[in-house]
Number of protein chains: 2
Amino acid sequence: MVENKNKDQNTEQKILEAAKAVFLERGLDGARMQDIADKAGINKALLHYYFRSKDKLFDVIFLEAAARFLPQLGELFGSDLPLFEKIEKFVHTYIDLLQENPHLPLFVLNEMQKVDGKAFFEKLWKGKKPAVHILAKQIDQAVKEGLIRPIRPVHLLLNIVSMSIFPFVARPIVKMGWGVDDTQFRGLMEERKKVVVQFVLDSIRK
Amino acid sequence: MVENKNKDQNTEQKILEAAKAVFLERGLDGARMQDIADKAGINKALLHYYFRSKDKLFDVIFLEAAARFLPQLGELFGSDLPLFEKIEKFVHTYIDLLQENPHLPLFVLNEMQKVDGKAFFEKLWKGKKPAVHILAKQIDQAVKEGLIRPIRPVHLLLNIVSMSIFPFVARPIVKMGWGVDDTQFRGLMEERKKVVVQFVLDSIRK
DNA sequence: GTCTATAACAGGATAGAC
DNA sequence: GTCTATCCTGTTATAGAC
């Protein structure tokens with residue numbers, strides 16, 4: 001249980017990678033254990049040997065995906081950067097993340113809806129819930145100081161997050177509606193790093 | 001085939017309503033014919049009598065949902081309203097739509113990813129593809145006239161659409177992250193109608 | 001740990017009576 | 001048109017040999 005960790009690690013790692021790929025693309029209901037086994041280069045029985053059941057395996061993947069997608073930002077929100085820099089850093093970080101993990105947001109959003117108000121969130125941010133209130137205070141403060149136009153923190157935050165994430169979620173529509181291929185789409189998202197930041201600052205800055 | 005339309009209409013209608021509810025909440029893979037039958041107050045066999053197969057039934061629902069979600073805007077994009085009013089109307093229309101159909105966007109986005117570059121879009125906008133290029137021209141024009149700050153039409157459009165739709169897609173996260181219940185969420189989205197329009201105008205207007 | 005073979009079951013689809 | 005009963009395929013899960 002300690003000695004053979006290398007062997008385990010290898011297979012277990014292969015399974016996790018395969019499962020991640022399949023689940024993220026097809027979702028819990030759409031994924032097939034057979035596909036995961038194939039992609040991992042093993043057989044179904046071994047999946048159960050390692051993870052007992054499909055649901056158990058899914059939980060591992062989902063939790064990790066959600067953790068990547070969501071509270072990575074806790075630190076950023078809570079940091080003591082000036083507001084404008086915080087916004088810039090947020091947008092860049094998030095768009096970079098999604099460039100590398102295009103299926104991430106839709107997967108998480110989708111599966112999250114099925115569990116909804118569950119105690120799932122507790123498990124997700126164990127104790128250290130994203131410090132969204134710190135950012136909120138910072139925004140309120142900036143308004144009070146007359147540094148930015150009046151806006152409720154929720155809305156400003158929602159705006160920034162929306163503009164950063166949504167295009168990836170709507171990828172097929174963007175591609176069809178605007179007639180771009182994958183490469184062009186990538187370029188477009190790259191552009192957005194600057195565009196979104198500029199857009200936000202233009203809006204809130206007096 | 002003409003005489004008994006009333007009877008048919010009733011059952012068929014019940015089925016369609018039930019199917020819509022179940023499919024929108026669970027997706028194609030997650031939906032169970034049994035659940036649809038139950039919700040419609042009939043039995044499985046009758047579903048097949050009316051719609052032959054699960055896939056066929058799904059196609060009806062999906063196409064209608066996509067049609068509601070997407071190209072309803074064609075008219076708006078193509079209209080001859082001034083830019084600022086067009087933006088305002090768009091945001092209000094869309095948020096109203098989603099207030100009444102909260103599951104719509106995630107459902108469409110999600111299922112759309114599975115078909116992706118398919119000839120599906122052809123079927124969707126039969127001939128009358130949303131007149132997105134008209135809006136694009138209008139934006140370019142406004143930039144050239146110095147009416148608004150320079151911005152590429154794709155990005156402006158993406159920004160507006162993102163801010164209008166994304167919060168509904170991320171509903172569970174918003175609710176948990178900000179600690180609001182359904183009623184408060186509704187109020188928040190209602191607020192956004194004005195907030196988003198204001199935000200956009202503040203950003204682009206010189 | 002890893003495999004093959006098979007059990008166990010869920011869920012979509014059909015037959016046939018009414 | 002609507003129902004009950006049943007079939008049948010695909011998929012998760014387990015048994016047991018190596």
Side-chain angles (χ1 to χ4, degrees), chain A residues 1-65 107 110-111 114-115, chain B residues 1-65 107 110-111 114-115:
Chain A
M1 241 179 182
V2 172
E3 276 65 39
N4 53 3
K5 205 159 190 191
N6 259 339
K7 249 188 187 167
D8 286 342
Q9 199 77 320
N10 281 332
T11 300
E12 191 171 328
Q13 205 51 39
K14 277 193 294 181
I15 292 177
L16 284 172
E17 264 172 50
K20 184 175 171 178
V22 174
F23 277 133
L24 259 80
E25 188 165 345
R26 315 283 325 261
L28 170 58
D29 297 320
R32 296 288 159 255
M33 293 295 264
Q34 185 63 61
D35 295 340
I36 297 175
D38 290 349
K39 182 157 282 193
I42 57 168
N43 67 342
K44 283 190 295 179
L46 211 45
L47 291 182
H48 287 90
Y49 174 80
Y50 276 89
F51 292 93
R52 188 72 192 167
S53 76
K54 185 185 180 184
D55 282 338
K56 291 266 203 318
L57 176 53
F58 176 79
D59 281 347
V60 176
I61 303 297
F62 181 44
L63 202 65
E64 199 239 335
F107 170 73
N110 204 50
E111 302 297 337
K114 293 181 196 159
V115 290
Chain B
M1 241 177 182
V2 172
E3 277 64 40
N4 53 3
K5 205 156 191 194
N6 259 340
K7 251 187 186 168
D8 285 343
Q9 200 75 323
N10 279 334
T11 300
E12 191 171 327
Q13 206 51 39
K14 276 193 294 181
I15 292 177
L16 284 172
E17 264 172 50
K20 185 175 170 177
V22 174
F23 276 132
L24 260 79
E25 188 165 344
R26 314 282 327 256
L28 170 57
D29 295 321
R32 296 288 159 256
M33 293 295 264
Q34 186 62 60
D35 295 340
I36 298 176
D38 290 350
K39 182 156 284 192
I42 59 169
N43 66 343
K44 281 192 295 180
L46 210 46
L47 291 182
H48 288 90
Y49 175 80
Y50 275 91
F51 291 93
R52 189 73 194 167
S53 77
K54 185 185 180 184
D55 283 337
K56 292 266 203 317
L57 176 54
F58 175 79
D59 281 347
V60 177
I61 302 297
F62 180 43
L63 202 65
E64 198 240 335
F107 170 73
N110 204 51
E111 301 297 337
K114 294 182 197 160
V115 291

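Below, chains carry the letters A, B, ... as their sequence lines are ordered, and counting in each starts from 1. Excluded from the calculations below are hydrogen atoms, water molecules and symmetry mates; all remaining heavy atoms, backbone and side chain alike, are included.
Atom-to-atom, CD of A/Glu12 to P of C/dT2 comes out at 11 Å; the value is rounded to the nearest Å. A straight line from CG of A/Asp29 to C1' of C/dG12 spans 15 Å, rounded to a whole angstrom. Atom pair A/Tyr49:OH and D/dA17:P shows a separation of 17 Å (rounding to whole Å applied). Straight-line distance from the CG atom of A/Leu28 to the C1' atom of D/dT11: 13 Å, rounded to whole Å. Rounded to an integer number of Å, the gap from B/Lys54 NZ to D/dG10 P is 15 Å. Rounded to whole angstrom, the span from the OH atom of B/Tyr50 across to the C1' atom of C/dA13 amounts to 18 Å. Taking atom CZ of residue A/Phe51 and atom P of nucleotide C/dT2, one finds them 12 Å apart after rounding to whole Å.
Taken from CG in A/Leu28 to CZ in A/Phe58, the straight-line distance is 4.5 Å, to the nearest 0.5 Å. With rounding to the nearest 0.5 angstrom, the CD atom of A/Glu111 is 9.0 Å from the CG atom of A/Leu24.
The side chain to side chain contact (heavy atoms under 4.5 Å, CB included) test applied to B/Ala21 returns B/Lys39, not counting sequence neighbours. Here A/Asp38 pairs with A/Gln34 under the side chain to side chain contact (heavy atoms under 4.5 Å, CB included) rule; sequence neighbours left out. Residues that satisfy the side chain to side chain contact (heavy atoms under 4.5 Å, CB included) test with A/Asp59, not counting sequence neighbours, are absent from this structure.
Using a 4.5 Å heavy-atom threshold, the side chains of B/Lys54 and B/Leu47 count as separate. Within the 4.5 Å cutoff, the side chain of A/Tyr49 has no heavy atoms near those of the A/Asn43 side chain.
Under 4.0 angstrom from either OP1 or OP2 of D/dT2 there lies at least one side-chain N or O belonging to B/Thr11. Contact annotation: B/Arg52 side-chain N/O to C/dT14 OP1/OP2 distance is under 4.0 Å.
Less than 4.0 Å separates DNA chain D from at least one heavy atom of each of the following residues of residues 30-48 of chain B: B/Ile42, B/Asn43, B/Ala45, B/Leu46.
Applying the side-chain hydrogen bond (donor to acceptor under 3.5 Å, both in side chains) rule to pairs touching residues 16-32 of chain B yields B/Asp29-B/Lys114, sequence neighbours excluded.
Two rings, from A/Phe62 and A/Phe23, have their centers 6.0 Å or more apart.
In the helix from C/dG1-D/dC18 to C/dC18-D/dG1, the rotation axis of the first five pairs and that of the last five pairs differ in direction by 10°, rounded to 10 degrees.
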